[in-house]
Structures are given as structure tokens and as C-alpha cells.
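The basis for the numbers below is simple: all heavy atoms, side chains too, and nothing from hydrogens, waters or symmetry mates. What you see is a predicted model; the values in this text were computed from it and never measured.
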Amino acid sequence: MPLARTLPRTAANRPDDPVARPPARSVAIVAVLLLLILSGCSTGNARDAGVAQGIEETKAATVPGVQATFIASEYFGASPTPPGTPTPRAVLRAIGLTTGVSGSGAPDGIYGAVPADAGRIYLAVRAADLQDGQTLFASWQTIEEKPEDIEVFGTSEVTVEGSPEWVALPLDLTGARGPDTYAVTVYVGETLLGALSFEITGAGTAPRRID
């Protein structure tokens, strides 16, 4: 019986055996991949470190500014708005009841009493620092002990044009008011400027001049 050929054990694993030796091309590919991975990790670490450093530097530069702003707003408040020029307040110089006025609004005599059928009468008002466009409002009313019993029987309203010395606020008396003492109050806007009491006498009587 012929003997089977037996190879030495060392011969099965020798380096030049194509099965046992990895191909040179595969080794090269693996080496390149390892280099790329290591390079990527190094680049990523460097990039992350740079970003972190930039964040810290930004925080270091920003936080003091934020703190300063907070302190300023918390303890000192906003910058004050420059005050505007206040409008001068009108001051009453003279007031009176009259039956006629001149072209400038000045009264043609001052009266303490007028008849119930006097027709048109005026409250003549002289005031300092009246401003163009302001409104004067007069309320003609009864005089009562209790405010809730007061009756307003007439109103007058005039808008100031320019800077007049006198302003005349009209009321028509047609005989409806009985003889009595009455009052008229005058306002600039919503501010009380002055008040006056006067008398209405019977129809057909003569007005009583007091100046």
C-alpha cells in the first residue's frame, strides 16, 4: 500500500502561503481607514475645543455688559423724558354782566340787574394768558341751598381766537325767568375760571347799571 504524502507542520503555515497571508491591498485599505478615523477624531476634538473656547470668550465679554444693564435698570431707571413747556394757566382779571359788547368783545357797561325780557345779554370775561384754541364755557343757573336742587337754564361756549383781551359769552332772555338772584360760572376747558351773581327783574323793567 503506497504511503500518503505528509507535509511538515511548519510548511502549512509558512508566510508565502496565499491562504494564511492577508493580501497587501487589504492591509493598505485598513491602514488608510485607521488614519482617516484618527484624523477625524483629532479634527473633531480640535473643532469642539475651539467652539467651547469661543463660547467661553463670548460669555466672558457679554455677561458683564448684561449685569451692568440690569444694575442700571434696576437701581437707576430709564433716562428721564425732558419735560415739555407747560401751557400758561389763564388768570381772571375782570368779569361782568352786560347788555352789549364792542367789536373787541369789551362790555358796553356793567350791569347788576337785567329784565326777564332783556333779549341777548353777555357775560364779559377778561383773562390773562388765554391761548388760541382754548374753549370758554359758561353755565347760567339758579342759586340753591342744596347743590342737587340747582337748575341750569342756559349755557354758552366760545372758542378763543388769537389772544383777545375780552371774551363775551351770550345768553338770550325771553321772559321765561322770574325775578330772582341767579349765578353764572365760567370755565376754561374743565378748569373753573370765575363766577358771578346777578339779578333778573320783572319784564319791562330797566336794567341797572353799576359801573
Side-chain angles (χ1 to χ4, degrees), residues 72-211:
S73 61
E74 183 72 14
Y75 296 102
F76 298 100
S79 299
T81 302
T85 303
T87 301
R89 182 175 179 177
V91 178
L92 183 66
R93 298 300 188 196
I95 187 171
L97 189 72
T98 186
T99 57
V101 294
S102 66
S104 64
D108 183 15
I110 300 296
Y111 294 81
V114 291
D117 57 352
R120 176 157 292 188
I121 62 174
Y122 300 88
L123 178 68
V125 176
R126 183 182 182 185
D129 294 325
L130 282 177
Q131 305 297 309
D132 185 35
Q134 286 184 319
T135 299
L136 269 66
F137 177 83
S139 175
W140 305 79
Q141 56 200 42
T142 60
I143 298 176
E144 309 291 346
E145 292 184 2
K146 297 180 180 180
E148 59 268 25
D149 293 335
I150 293 175
E151 176 193 355
V152 176
F153 60 87
T155 60
S156 310
E157 186 173 313
V158 173
T159 299
V160 175
E161 296 182 0
S163 300
E165 182 180 7
W166 288 91
V167 177
L169 296 105
L171 174 72
D172 291 328
L173 290 179
T174 59
R177 290 286 105 189
D180 206 342
T181 300
Y182 297 89
V184 56
T185 56
V186 60
Y187 298 81
V188 177
E190 296 182 356
T191 302
L192 179 65
L193 183 62
L196 176 73
S197 64
F198 64 98
E199 186 180 357
I200 293 180
T201 57
T205 60
R208 185 172 75 247
R209 186 166 175 162
I210 60 176
D211 69 336

Side chain proximity check, T201 to P179, heavy atoms < 4.5 angstrom: no
Atom of L123, atom of A138 and distance for their closest heavy-atom approach: CD2-CB, 4.3 Å
Contact check, side chains of I95 and R126, non-hydrogen atoms, under 4.5 Å: no
Spatial distance of atom CD (Q141) from atom CD1 (I150) [nearest 0.5 Å]: 5.5 Å
Rounded distance [0.5 Å steps], CG in L196 versus CG in L92: 10.0 Å
R177 to Y182, cation-pi by 6.0 Å centre distance and 45° axis angle: no
T98 side chain to G109 backbone, donor-acceptor under 3.5 Å: yes
E144 atom CD, over 12 foreign heavy atoms within 6.0 Å: yes
Chi angles and distances behind the side chain to side chain contact (heavy atoms under 4.5 Å, CB included) call for V188, T135: CA-CA 6 Å; V188 177; T135 299; over 6 Å; no
Closest contact, heavy atoms only, P107 versus A124: CB-CB, 3.8 Å
Close side-chain approach of F198 and V184, heavy atoms under 4.5 Å: yes
Any side-chain heavy-atom pair of L171 and F153 under 4.5 Å: yes
Electrostatic pair E199-R208, nearest N-O below 4.0 angstrom: yes
Contact summary for A168 and G105, nearest pair of heavy atoms: CB-O, 4.2 Å
Chi angles and distances behind the side-chain hydrogen bond (donor to acceptor under 3.5 Å, both in side chains) call for W140, S156: CA-CA 8 Å; W140 305 79; S156 310; 3.0 Å; yes
Heavy atoms from other residues, nucleotides or ligands near CD of E148 exceed 12 (cutoff 6.0 Å): yes
Exercise: identify the closest heavy-atom pair between P164 and E161: CD-O, 3.6 Å
Residues T185, F137; criterion side chain to side chain contact (heavy atoms under 4.5 Å, CB included); working and verdict: CA-CA 8 Å; T185 56; F137 177 83; over 6 Å; no
Non-hydrogen side-chain atoms of V160 and L136 separated by less than 4.5 Å: yes
Expected output: side-chain D108 to main-chain S102 donor-acceptor under 3.5 Å: no
Short side-chain donor-acceptor distance under 3.5 Å, W166 and S104: no
Check: Q131 side chain, D129 main-chain N or O, donor-acceptor pair, under 3.5 Å: yes
Check: G175 main-chain N/O paired with D117 side-chain donor or acceptor under 3.5 Å: no
Backbone of G162 reached by a side-chain donor or acceptor of D132 within 3.5 Å: yes
Close side-chain approach of L193 to V125, heavy-atom, < 4.5 Å: yes
Pair V114-L173, side chain to side chain contact (heavy atoms under 4.5 Å, CB included): steps then yes or no: CA-CA 9 Å; V114 291; L173 290 179; 3.8 Å; yes
E190, CD: over 12 other non-hydrogen atoms inside 6.0 angstrom: no
Donor-acceptor pair, side chain of T142 and main chain of E151, under 3.5 angstrom: yes
Derivation of the side chain to side chain contact (heavy atoms under 4.5 Å, CB included) call for I200 and D180: CA-CA 6 Å; I200 293 180; D180 206 342; over 6 Å; no
